[in-house]
Amino acid sequence: QVSVINTVDTSHEDMIHDAQMDYYGTRLATCSSDRSVKIFDVRNGGQILIADLRGHEGPVWQVAWAHPMYGNILASCSYDRKVIIWKEENGTWEKTYEYTGHDSSVNSVCWAPHDYGLILACGSSDGAISLLSYSGDGQWEVKKISNAHTIGCNAVSWAPAVVPGSLIEQPSGQKPNYIKRFASGGCDNLVKIWKEEDGQWKEEQKLEAHSDWVRDVAWAPSIGLPTSTIASCSQDGRVFIWTCDDASGNSWSPKLLHKFNDVVWHVSWSITANILAVSGGDNKVTLWKESVDGLWACISDVNKGQGGVSAVTEGQQNEQ
Amino acid sequence: DGHRPPQVVPGADPSARQLCFAWGPAEVLVCETLFGRAGGARSRCLSRSPCPSRFWGQGRAGAAAPSLTGSVSGTGEGAPNSSRVFVVRRDQDIYIQTLRKLFNESHGIFMGLQRSEEELAGKSRKAQLVQVSKNYRSVIRACMEDMHQAAVSTRDPALQGQYSTQVSILSAMELIWNLCEILFVEAAAAGPLLLRLLDWVRLHVCDVDSMVREVLSSESPSKHKLFWNVVDVFVLQGRMDEARHLLSKEASANPTSMNMYKILDDLMKKMPVPSLGNTQTLTELELKWQHWHEECQRYLQDGTFASNPHMESICKILLGDEDAILEKKELMTTWYHFLVTRLLYSHPTVKPMELRFYAQSSMDLFLGGESSPEPLDMILMAAFEFEMHQVIKECSIVLSNWWFVAHLTDLLDHCKLLQSHNLYFGSNMREFLLLEYASGLFSHHSLWQLGVDYFDHCPEFGRVYLELHIERIPLSTEQKALKVLRICEQRQMHEQVRSICKIMAMKALRNNRLGSALSWSIRAKDAAFATLISDRFLKDYCERGCFSDLDLIDNLGPSMLLSDRLTFLGKYREFHRLYGEKRFPEAARLLLTLMTAHIAPCSFWMTLLTDALPLLEQKEVIFSAEQTYELMRCLEDLTAGNPDKQKFQDDDVETTKVEMLRLALARNLARVIVKEGTVEGS
C-alpha cells in the first residue's frame, strides 16, 4: 500500500527527466527539458524552492547528489554536452565547476562511493566516459575513457566500496587501497565493467545479453556478502540481474528478471538492495524482490492513472 | 508471489505518460516523464506533439499488486506540462500517532524476550513464552482501546473512519495472535485445547454482547423477545451456568414447563467438560461424555421437550446436531465459532492435529457456498492446519505493516517452532521479517531508535543493515548527531563514526563555526580537514589579529598531532599565551622552534618573524646570540630563496618590514654579543 505524502509542484516548464532525493530525504533535486535544475526543501511534507539553477543550454537528463561529507553538492548532465557541478556556499547555490569535454549529449552522471573521494563518472553519447576527481582548492582532474561504448554510453553506476583483504582500521590520514570499479551501459548493447589499475581505467568485463541498447545499469549496494550484483535494462524490453560470486570479479552470470512489452528505461536499487525498481515504457514502475528459491518476483506495481488500463484479467482485483 | 493489481498513485495525470522513479532513503519519488532522448538515431526528439503509441502501452495486467485506485484527475491535456513530483511513502502506519504505543511497548517486550533466560527448560520456559505472548496481546488490546477512544471522540468523519478501520485491523491481529498462542506457543493438548478455544471464541465474538446486556438488564428477562436468543448464545458458547440461570427465570415464570426445565437443567449441569487440572484422564472423560450423550439422546427421543421448541433445539445442540447448531448462524456470526461449538458438543477431547478436518468442514458448512472465505478466514484456517509458514505468509500479504509478522515470527522462533528456511541471502524467516520491520522504522524521525535494537538482534545482516540505514538519518541537530554517534561508537562502527563527524565538520564549516568544525574533524580523525580548518583559523588571525575559539585550541592536547597545521596552530597559540604571561625566554624559544623545526608553514614565517619584533625590542635581551643568528638565517631564507622575491621587492609594506627586522636583529645581536661577552660583576 502506497500513499502520496507530498506532491511537489516543480513549475518546470517542460518534461521532467530526473528527480532525486538527497542523502537524508530532506531535499529534492529535479531537472527538466526546460534546461533548469531545481532544488526543493521537502521536509515535513513541505516544498520550498531553494534554488533554480540555470546554466545548461539544453534538456538536463540527470542529477546526482554527492555525499554530504563534501558539503551540499549536486551534479547535472545535459544534452548540451556539459556536466555542471553545483555547490551550496554561504546559503546560496552556485556553479562550482563546468566540464565541457564531451562531443555529444552527456546522458548519465554518478558519484563514486564517498570513500574514494569526490569523483564523478559521466557517460556520453559520444561513446566516452569521463571521470572527474576533485583534487582540492577548486581543482578537478579529468580522466577520459574514449570509445567506452560505440555509438554512445547511456548509463554509469559505481560499485560499492569494499576494502580488499582485512578490514583493520587504517591509521588516520591514510587511505586504504580500494579497488575502484564501475559499470556502464551503452548503445553497443553491452554492459561493461571498468576497473582502475595503476591510475588507469581498464575494461575488466564485457557483459553480453541484451539485443538492443542498454538504457540503464545499477550496481546493487553491498550487504556484506562476497557476491556482486548488477541490474541492467534495455531497449529490448529485458531486465537482467548479473551476479558475480567470487571476489576477483571474473565470472558474471545473467538471470532474466523479466521481459517487458516495451522499452525499459530505468532500474534502481533500494538502500539495502533488497528491492529493485524498474521503470518501463508501459506506464508502470514495478518493484521486484528475490524470493526463497532465487526467483525474482514482482511485489508491487506503481501505476499512475487509469487512462490506459486495459481490461481486468484473472487474478487481478481493482478496488474502488 | 501473489497476484496484485497495480497501485495507482492518486492524482497522477491519466494521460498515458511514463513514470520516473527514484528511491529516497525513506520515501520514494515518482514523477511523470517521457523517456526517449535526442542524441541518437533511435531515440525520439522531444517535442510538444503527442508521442507515438510505441511509448504508451496499455496498462498491462501482468503480475499484479493490490491496487490503490485513488482519485485521478480527469483532465488529459496533451501538452507535456505535468511538472509534479510525487513523494510516495510505502508504510504509513508508523506515522499514526495512536499506534505509537504499539511500537514502543512491543519493542520492550521484544527486548525482554531476546534477553530472557534460555536455561529454563520445559514447562517453565513454555510458561514464560506464553506470558510474553499474552503481553503482546495486551499491548494490542490497549492500542485498540486507544484507537476506539479516538474514533469516538473525533468529529471528523474521515478520521473516524480511519480509526475504526484501525480498530478492526488490530482486532483481527489479536484474534490471530490469540489462536497462534493457543495452538503454537502453549500448544494446548486435547482437553485443555477445547477450553482455550472456548475462551477464545467468547473473547472475540462480541456482536451479541449488546443483545445479552439488553436482555439481562430488562425487568423481566424471560418476557423479552430476545430471551431465547440469549439463552442460545450462552449454550453455543458453552456458558452453562449463565444459561441455566436464565432458564431458571423462565421456569419460575412458566410453571407448566417446570418438569422439562428440571431435566434440561440437570443435563446441562452434568455435562462433562475437560478440566485444566489433572483430575481425570481423557479416556475417563470420553467415557463419561458418552454416557451423558446417550442420556440426552434418550430424553430427546422420548419427546420430553416436544412441546417447547426452544428447549428441544437446545437439547439437539447439546447432542451436537449440526443442523440445529447451524440454525443459530446469526448468533455465532463466524465459522470458527461454529467450529468450536461443534467440537464442544460432539468431540470435546479433540486433539490438535484433528482440528484441520473439523475446521475445513465447519467453514464449508457455515459459508454454505453463499460467500467465499476472506483473507482472515484463510489465515485462521492455516493456523488450524498448523501451517505456521502459511499463516505468516498470508499475514505478510494482507497487513500493511511488518509489525505483526515480525514479532509473532520472532516469538515462534523462540519456541523453536520454525525450521530455518534459507532465503536468498541465507538468513531465516525470523531475521528476514525483523529486517523489514526495522528498516521501516528508520524512516521515522524518532522510532528509528527502536529499529537499532531490532537490527542488533539479527545476527546475520543486522549490522550491515544498521550501517546502511544509520547513515541516512538526518543530522538536523548536534544533539541528534551525538545520539547517532553514540550508537555507532557503542557498536564499533568506525566508518560511520568518521563519516558522521566529517559531515558535521563540513556543516559547521559552512556555517562559519570554526571551533565546532575543528572539534568534529578531530573526532573524525580527518587530518586533511583539520589542516583546512587550521588554515582558516590562522587566516582569521592574520586578518583580525586574534584567535576565535581559544578554549578549544588551548585544550587540544594530543589531538594536536592529527595534522601538522593543527600542531602549528596549537603551538602558535601557546606562543601567544607565553608572551601574554611575560614568559619571554620560553616564548622566544618556541617561536624559533616553530621555524627551525619546520612546524610552521613557509607562508607564515613572515608573520612569525614579525611576532619576534616586540621580543627583539624588549629592554632586556631575550634572544641569545645563537638564536639571533638563527633568526637572521630564517629571514634570509625567506627573502632570498623565495620565488616571490619580486613580490617582496614590489611591496612596500613587505620591504619595510624586512628592513625593520634586519635592523632589530642587528641591534639585538650587538647587545647580546656585548652581554655574553661581559664577565659577570665587572
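FYI, side chains are in, hydrogens and waters are out, and symmetry mates aren't considered; it's all heavy atoms of this structure. A note on names: the letters A, B, ... follow the listed sequences, proteins ahead of strands, and every chain is numbered from 1.
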Would you call [X] and [Y] a side-chain contact if the rule is heavy atoms closer than 4.5 Å?
X	Y	value
B:Arg84	A:Val8	no
A:Asp115	B:Glu495	yes
B:Phe461	A:Thr272	no
A:Asn274	B:Tyr465	yes

Fill in: Residue part contacting chain B, namely of A:Asn72, when any heavy atom lies under 4.5 Å
both

Worksheet entry | Selection from A:Pro68, A:Gly45, A:Gly25 maximising heavy-atom pairs under 4.5 Å formed with chain B | A:Pro68

Practice prompt. Name the option with the most non-hydrogen atom pairs under 4.5 Å to chain B; the candidates are A:Thr26, A:Asp126, A:Leu28.
Written response: A:Leu28

Nearest heavy-atom pair of [X] and [Y]: which atoms, and what distance?
X	Y	answer
B:Leu468	A:Ser222	CD1-O, 3.8 Å
B:Ala22	A:Ala19	CB-O, 3.1 Å
B:Arg472	A:Tyr24	O-CD2, 3.2 Å

What part of [X] is in contact with chain A, defined as an atom under 4.5 angstrom from a non-hydrogen atom: side chain, backbone, both or neither?
X	value
B:Val87	both
B:His445	neither
B:Glu471	both
B:Leu509	neither

Worksheet item: Passes side chain to side chain contact (heavy atoms under 4.5 Å, CB included), B:Arg510 versus A:Asn90? Steps please.
Response: CA-CA 6 Å; B:Arg510 270 209 311 275; A:Asn90 299 323; over 6 Å; no

Item to complete: Using a cut-off of 6.0 Å, state whether more than 12 heavy atoms not belonging to A:Arg81 lie near its atom CZ.
Response: no

Discussion item. With a sphere of 6.0 Å drawn around CG of B:Asp564, does it hold more than 12 non-hydrogen atoms of other residues, nucleotides or ligands?
Written reply: no

Item to complete: Under the ring-ring contact (aromatic ring centres under 6.0 Å, His included) rule, collect the residues that match up with A:His114, sequence neighbours excluded.
Response: A:His67

Worksheet item: Of A:Thr7, A:Asp9, A:Ile16, which is the lone residue that meets side-chain contact (heavy atoms from CB on, under 4.5 Å) with B:Val85?
Response: A:Ile16

Worksheet item: Any residues in residues 499-506 of chain B near chain A, with a heavy-atom distance under 4.5 Å, and which are they?
Response: B:Ser499, B:Lys502, B:Ile503, B:Met506

Practice prompt. Give, for atom CD of B:Glu460 and atom CD1 of A:Ile223, the distance between the pair rounded to the nearest 0.5 Å.
Written response: 9.0 Å

Worksheet item: Is there a donor-acceptor contact under 3.5 Å from the side chain of B:Trp23 to the main chain of A:Ile271?
Response: no

